[in-house]
Amino acid sequence: MTPERFSAVVSGVLIVGVVTSAVLMTIAVFGSLVVGWGGSLVGAPASALSATDYSAIVPGLLALRPIAIAQAGLIVLVATPVVRVIASVIGFALERDRLYSAITLGVLTILLISLIGLR
Amino acid sequence: MTASADLEIFLISIGAGLIGSLAGVGGGIIVVPALTIIFGIDIRLAIGASIVSVIATSSGAAAAYVRDRMTDMRVGMFLELATTSGAIAGALLAAIVAPSVLLVLLGVVLLGSAAQQALRLGEELPPDAEPTGAALRLRLFGSYPDARLGREVTYAARRVPLGFALMGLAGVVSGLLGIGSGALKVLAMDAAMRLPMKVSSATSNFMIGVTAAASAGIYLGRGDVDPTIAVPVALGVLAGATIGARLLPRLSNRRVRLIFLPVLVVIGLETLARGLGIRP
């Protein structure tokens with residue numbers, strides 16, 4: 001993989017993450033103006049769930065609740081840098097750059113430890 | 001939140017994303033005071049929204065910076081080793097160290113660096129340097145296309161161990177205090193490693209998303225990220241960062257430093273005020 005192509009892949013991952021998240025969040029905002037944050041775009045009964053509770057996201061998404069769509073958008077946004085690091089590991093490996101494959105893998109490992117271990 | 005308050009938060013966040021993307025910082029210095037002081041939002045939820053804003057600034061701007069070759073990905077990935085491990089150390093230290101002493105120290109360091117930045121305001125590019133030692137072995141050198149100067153500018157990192165140590169400190173600070181890490185990252189690359197200012201800012205932007213993502217999971221799980229606040233912030237910041245990322249390649253390095261300096265002074269004063277107990 002050429003450096004130009006590598007940059008294009010990393011940049012592409014960031015663009016896909018940012019655009020997906022922005023689209024979800026925009027739908028959620030306009031949805032909330034119509035049915036309210038806890039309402040449902042398919043007419044399910046309103047939910048009294050707390051906005052900061054991310055555990056009910058799947059049933060919320062199935063009922064097309066703006067609050068759940070917003071939560072999904074935020075999760076995609078937060079996951080984007082992590083996916084970018086994974087893409088960099090693959091990119092450096094395809095470049096056969098052993099030093100930077102190892103460095104990036106180290107970053108990914110530490111990142112996963114902090115995501116999983118520190119709660 | 002009413003719809004008009006949401007709109008105001010969105011508009012303020014555009015400014016935060018714009019300044020953050022140009023200065024290489026997360027925009028938390030704008031988002032947190034705006035949410036708490038203007039809108040009376042709980043500090044816990046304001047910090048949750050600010051973590052999201054850091055990631056939005058980073059990913060929104062870095063998409064363009066990486067494509068335009070403003071970001072040095074090797075420098076970024078190498079230094080992320082230091083920031084991510086520092087962030088874990090900071091989160092562990094938070095249980096045993098009194099933050100007030102550290103806040104005062106950090107405030108003094110940031111204000112001292114601001115004085116040094118002021119002395120360097122006239123400098124467009126750091127003096128030419130051949131890569132030696134660690135910079136050579138780690139290939140921490142390269143070039144970027146400068147649309148302002150109309151040529152390709154080459155650079156090589158200097159004082160790599162010092163830069164790496166400062167980045168570790170930036171990680172500790174962000175894990176421990178949750179602030180100021182973007183400013184320290186820019187300083188590590190600009191003042192210690194002597195990379196061009198635009199490369200320092202763009203590479204810092206590239207890195208802050210990863211540092212923030214490492215702690216964002218904790219904030220999400222703890223219920224500190226309220227979508228009704230974080231979503232207008234994130235959308236505004238994304239818009240601002242997209243505009244900033246289009247501007248940066250065309251600005252001179254001098255101008256970028258001129259934007260970074262007041263941001264640095266404000267972060268330094270805020271940190272000092274928090275450390276001395278003047279502000280929560």
Side-chain angles (χ1 to χ4, degrees), chain A residues 3-4 6-8 10-19 21-22 24-26 28-29 32-33 37 50-54 66-71 73-75 77-82 84-85 88-89 91-92 97 99-100 103-104 106-119, chain B residues 3 6 10 45 48 51-52 55-56 58-60 62-69 71 73-74 76-78 80-81 83-85 87-88 91-92 137-139 175 206 208-218 220-232 234-235 238-239 241-242:
Chain A
E4 288 75 24
F6 188 9
S7 300
V10 170
S11 170
V13 165
L14 292 169
I15 290 171
V16 169
V18 162
V19 170
S21 145
L24 287 170
M25 291 190 292
T26 307
V29 167
S32 80
L33 295 177
W37 283 108
S50 155
T52 57
D53 182 1
Y54 285 68
I67 195 71
I69 301 172
Q71 289 175 338
L74 290 170
I75 289 174
L77 189 63
V78 168
T80 300
V82 184
R84 191 270 284 168
V85 175
S88 312
V89 174
F92 282 123
D97 185 336
L99 177 62
Y100 275 89
I103 288 174
T104 316
V107 171
L108 182 63
T109 309
I110 299 167
L111 191 55
L112 292 179
I113 289 173
S114 71
L115 281 175
I116 298 160
L118 289 180
R119 56 188 59 204
Chain B
D6 279 346
F10 174 76
L45 297 179
I51 285 281
V52 169
I55 299 176
S58 173
S59 298
Y65 289 156
V66 168
R67 185 197 59 213
D68 297 341
R69 292 198 296 120
T71 300
M73 288 210 283
R74 277 198 301 268
M77 294 306 316
F78 171 65
E80 271 169 17
L81 264 186
T83 50
T84 46
S85 39
I88 292 190
L92 296 175
R137 282 195 299 280
L138 293 159
R139 282 175 287 133
F206 179 72
I208 53 178
V210 171
T211 319
S215 50
I218 299 166
L220 277 176
R222 225 163 40 194
D224 289 358
V225 183
D226 183 342
T228 63
I229 300 161
V231 162
L235 284 173
L238 280 179
T242 307

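Below, each value reflects all heavy atoms present in this structure, side chains not excepted, and no hydrogens, waters or symmetry copies. Just so we're on the same page: letters track the sequence lines, and every chain starts at 1.
Contacts between A:A8 and chain B at a heavy-atom distance below 4.5 Å are absent for every atom of the residue. For A:T104, the parts sitting under 4.5 Å from any heavy atom of chain B are the backbone and the side chain alike.
Contact detail for B:M77 and A:I103: the closest heavy-atom pair is O-CG2, 3.7 Å. Here the closest heavy-atom approach between residue B:L81 and residue A:G106 is recorded as CD2-C, 3.9 Å. Of all heavy-atom pairs spanning A:A51 and B:P227, the tightest one is O-CD, 3.0 Å. Contact between B:A213 and A:V82 at its shortest, heavy atoms only, is CB-CG2, 4.2 Å. The shortest non-hydrogen separation linking B:S59 to A:T80 is OG-CG2, 3.9 Å.
Comparing A:V29, A:V78, A:I110, A:V18 by how many heavy-atom pairs each has under 4.5 Å with chain B, the most go to A:I110. Between chain A and the options B:E80, B:R74, B:M73, heavy-atom pairs under 4.5 Å are most frequent for B:R74. Contact tally against chain B (heavy-atom pairs below 4.5 Å) for A:V10, A:V107, A:I75: the top residue is A:V107. Ranked by heavy-atom pairs under 4.5 Å with chain B, the list A:L74, A:I15, A:V19, A:L33 is led by A:L74.
One N or O on the side chain of A:Y100 and one on the backbone of B:L138 form a donor-acceptor pair closer than 3.5 Å. Using modelled atom types, one side-chain atom of A:S11 and one backbone atom of B:A63 make a donor-acceptor pair closer than 3.5 Å.
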task = Carefully, step by step, assess B:T228 and A:I67 under the rule side-chain contact (heavy atoms from CB on, under 4.5 Å).
result = CA-CA 8 Å; B:T228 63; A:I67 195 71; 4.1 Å; yes
query = Should A:R84 and B:F206 be marked as a side-chain contact (heavy atoms from CB on, under 4.5 Å) after you check the CA-CA gap, both sets of side-chain angles, and the distance that decides it?
reply = CA-CA 10 Å; A:R84 191 270 284 168; B:F206 179 72; 3.1 Å; yes
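The CG atom of B:L238 lies 9.0 Å from the OG1 atom of A:T26; values are rounded to the nearest 0.5 Å. Here the OG1 atom belonging to B:T211 is positioned 9.0 Å from the CG atom belonging to A:L111, to the nearest 0.5 angstrom.
Residue-environment remark: CZ (B:R137) stays at or below the threshold of 12 foreign heavy atoms within 6.0 Å.
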